[in-house]
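Keep in mind that what you see is a predicted model, and the values were worked out from it rather than measured.
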Amino acid sequence: MFAAALTAVLTKAACAPRNPNPAKPLNIVLLYADDWRHDTLGCAGNPVVQTPRLDQLARDGVRFTRGYVTAPQCVPSRAGVLTGRYQQRFGVEDNNKGPLPLAELTIAERLKAAGYVTGQVGKWHLDLVGGKKGEKGLRVAKEHMPHAQGFDEYFRGELRQFYASHDLQGKPFVDAPHIVTDNRFRVIVQTEAALSFLDRRTAKPEQPFFLYLAWYAPHVPLESPEPWFSKTPTELPKERRQALAMLAAMDEGLGQLRAKLKAMGQEKNTLIFFIGDNGAPLGKNWDGSLNTPLIGEKGMLTEGGIRTPFLATWPARLPAGKVYDQPVISLDVAATAVAAAGLPKDPILDGVNLAPFLKGEQTSSPHERLFWRWGSQAAVQEYPWKLIRLGEREQLLFDISQPDGENVKKNQFAAQPEIAARLTKALKDWSETLTPPGLPTSFDAHHEGMFAEHGVIPPPAVAPKSKAVPPGSIQGWFSRNGTIATKDGALLITADPKAAKNAKPFLAKTGLTLNGPVTAVIKADAKAATNASLSWRTKDQPDFLPANLVRFEIPAGPSEQTIALPVDGQAIHVRFNLGDQAEGLRLRSIELRPAKGEADIADFGR
């Protein structure tokens, strides 16, 4: 298998276009973050986020306000950016459709033809294949690791275990890919590996390099790295603080990389791209990031799923402090890098060289149209118009010049028949060039729920549910991962010993009609102080959203707490999460007071 991979690598190297201009080309660095919303930058006007080094990168170069990736998920997004081709052309359409075929040329393989030394650090995921017979999930295939796709040096890994060609001191492993275990915070380790790659370049400063650093952050699992976590606003939810801390760690890592380049005398002669791989996930997989004001999230072809941070700087060639508003896409990285390295244009690339547009040599938009196909979704953008096809459902046409344009009430498909017909044909024609060809013919139920949750389509019709009281409930409240009972005028909670290890008991109540805002009054006796939270969903929300949650502390001893719940609309379902001390807690009453209408009162002393 390895011999076949080596043959493929040598064949690709022979086929890569050669550099007709042997003059020294520039260095190229591609930084790829994981699950980062499009404006999570201080320079984008976000008042909560502190990213001084990224802000400086934008001041030194270009900030793209409409920067897109090719998929709302990590594997296909990475396949697209590294090959410069729509990944659907070679079948890598979602996380389960890998690995990246060895026949596809990566940026690294193209640049090697111009004499570059190439390095990869961090998340790769283009070597994941289906498990062997009897195995579940995906496994890493060494024959598809970075060294099989044009990278001379690598430190491939996400969390604690890495496959490496060199250690962090720069010593090569004779048995590479060698497994390195490092239990420190992932961003610190990945940044150090990138700095080590740059250190090794000082021995041969005349040789240009390409570095692909893919930080695994702020992707879950969330961490609370110091010194960054303690600097985040304490009034924010813990997940939000963790995400901000992880962003700050990457920001500091960028500062270290640029300082190293400056010390090497390479700062002005280095093209740097910084891009997020897809939008932030919300719901149960929330990583502390937000996509507001864009619509949607990771896993959706709305703006919130595919529009991400997108910066570039090249002090020797590109203007500084430029804000570029025309749509660009991650595919453009490869085409720009190939041109910057002095290599001939390759028509197989789907991206364009952005340099002439950024320098004002070309004033038109870089792209007439951008295309997507992912799972049961497909889309085409001809700015400001965007057509979305969701399986067999009626198509959607939105004006995306405003961030909230992708809303069911703003669907222009019927009102703009000529534009709708033109984009429908363009999307269909493009889809016929893919592997497999064609457009999705059915709409995934999970995707339908997400699009309905974000107001892009109407909520799915459901049969009316019985309002029967759940078994074991007391005054309408029932427990998950536990049981409840009343004793001596209070509600007591007992954890279910058969529940999953990390599943803590919580209370819930459905069938409510609480017009927001809502005030909760909770009377309790606690053996020890415990952290708790109240969350809710409204009749327009099929699931609980991260923003619909208020945390508070129940102190030791008897207490009466008043908690303001900023409910927007009508709350129909409330959850009361009881923290780690649930079994030492006696709840005397729970009162939910709406802005208008009757309060919902559960007095367990009755």
Side-chain angles (χ1 to χ4, degrees), residues 237-238 283-284 286 465-514 516-539 541-567 570-594 598-606:
K238 180 182 178 182
K284 65 180 181 180
W286 189 41
K465 293 182 179 179
S466 167
K467 292 191 176 181
V469 177
S473 64
I474 298 176
Q475 296 186 42
W477 288 93
F478 57 94
S479 177
R480 297 290 187 223
N481 306 321
T483 57
I484 55 176
T486 53
K487 183 179 180 181
D488 298 331
L491 185 76
L492 309 180
I493 303 96
T494 302
D496 182 355
K498 296 180 181 179
K501 183 178 180 181
N502 296 320
K504 295 181 173 60
F506 65 89
L507 299 177
K509 192 166 191 176
T510 59
L512 298 165
T513 55
L514 302 169
V518 175
T519 301
V521 180
I522 297 172
K523 297 179 181 179
D525 290 297
K527 288 184 180 180
T530 183
N531 292 318
S533 67
L534 285 166
S535 56
W536 64 92
R537 68 180 180 91
T538 68
K539 62 180 181 179
Q541 297 166 340
D543 202 356
F544 287 79
L545 300 181
N548 294 359
L549 182 144
V550 173
R551 300 178 189 277
F552 57 96
E553 182 181 81
I554 299 177
S559 66
E560 178 175 327
Q561 300 251 61
T562 300
I563 302 107
L565 307 180
V567 175
Q570 188 179 84
I572 62 171
H573 187 173
V574 171
R575 287 178 179 171
F576 187 178
N577 294 285
L578 305 166
D580 294 326
Q581 305 297 325
E583 293 197 58
L585 187 65
R586 294 166 49 83
L587 290 169
R588 290 180 287 131
S589 66
I590 304 172
E591 184 175 347
L592 301 173
R593 302 172 181 169
E598 255 184 74
D600 184 89
I601 302 173
D603 184 351
F604 304 114
R606 291 191 307 202

Check whether any side-chain N or O of [X] sits under 3.5 Å from a backbone N or O of [Y] as a donor-acceptor pair, and report yes or no.
X	Y	answer
Thr530	Leu578	yes
Arg586	Asp488	yes
Gln475	Asp603	yes

Can you give me the closest heavy-atom contact between [X] and [Y], atom names plus distance?
X	Y	result
Ala599	Glu591	CB-OE2, 4.3 Å
Phe604	Leu587	CD1-O, 3.3 Å
Pro566	Trp536	CD-CH2, 3.6 Å
Gln561	Pro555	NE2-CD, 3.7 Å
Lys509	Gly476	CG-O, 3.4 Å
Ala526	Ile554	CB-CG2, 4.2 Å

Check: [Y] and [X] side chains under 4.5 Å, non-hydrogen atoms:
X	Y	answer
Ile522	Leu534	yes
Ser559	Lys523	no
Val574	Trp477	yes
Val567	Pro517	no
Pro505	Asp496	no
Leu491	Ile474	yes

Quiz item: Can you tell me how far the CG atom of Asp525 sits from the CG atom of Leu492, to the nearest 0.5 Å?
Solution: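 Result: 10.5 Å between the selected atoms.
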Quiz item: Can you tell me how far the CZ atom of Arg537 sits from the CD1 atom of Ile572, to the nearest 0.5 Å?
Solution: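 With rounding to 0.5 Å, CZ (Arg537) is 4.0 Å from CD1 (Ile572).
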Practice problem: Before giving the answer on side-chain contact (heavy atoms from CB on, under 4.5 Å), spell out for His573 and Leu512 the whole-Å C-alpha distance, their side-chain angles and the decisive distance to 0.1 Å. | Solution: CA-CA 6 Å; His573 187 173; Leu512 298 165; over 6 Å; no
Exercise. Decide side-chain contact (heavy atoms from CB on, under 4.5 Å) for Leu507 and Ser479; before the verdict, give the C-alpha distance in whole Å, the side-chain angles of both, and the deciding distance to 0.1 Å.
Key: CA-CA 5 Å; Leu507 299 177; Ser479 177; 4.2 Å; yes
Practice problem: Please name the residue in the list Asp600, Thr562, Val521 that meets the side-chain contact (heavy atoms from CB on, under 4.5 Å) test with Arg593. | Solution: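 Going through Asp600, Thr562, Val521 one by one, the side-chain contact (heavy atoms from CB on, under 4.5 Å) with Arg593 is satisfied by Val521 alone.
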Quiz item: Would Leu592 and Ile601 satisfy side-chain contact (heavy atoms from CB on, under 4.5 Å), going step by step from the backbone distance to the final call?
Solution: CA-CA 6 Å; Leu592 301 173; Ile601 302 173; over 6 Å; no
Practice problem: Starting from the C-alpha separation in whole Å, work towards a yes-or-no answer on side-chain contact (heavy atoms from CB on, under 4.5 Å) for Thr513 and Gln570. | Solution: CA-CA 6 Å; Thr513 55; Gln570 188 179 84; 4.0 Å; yes
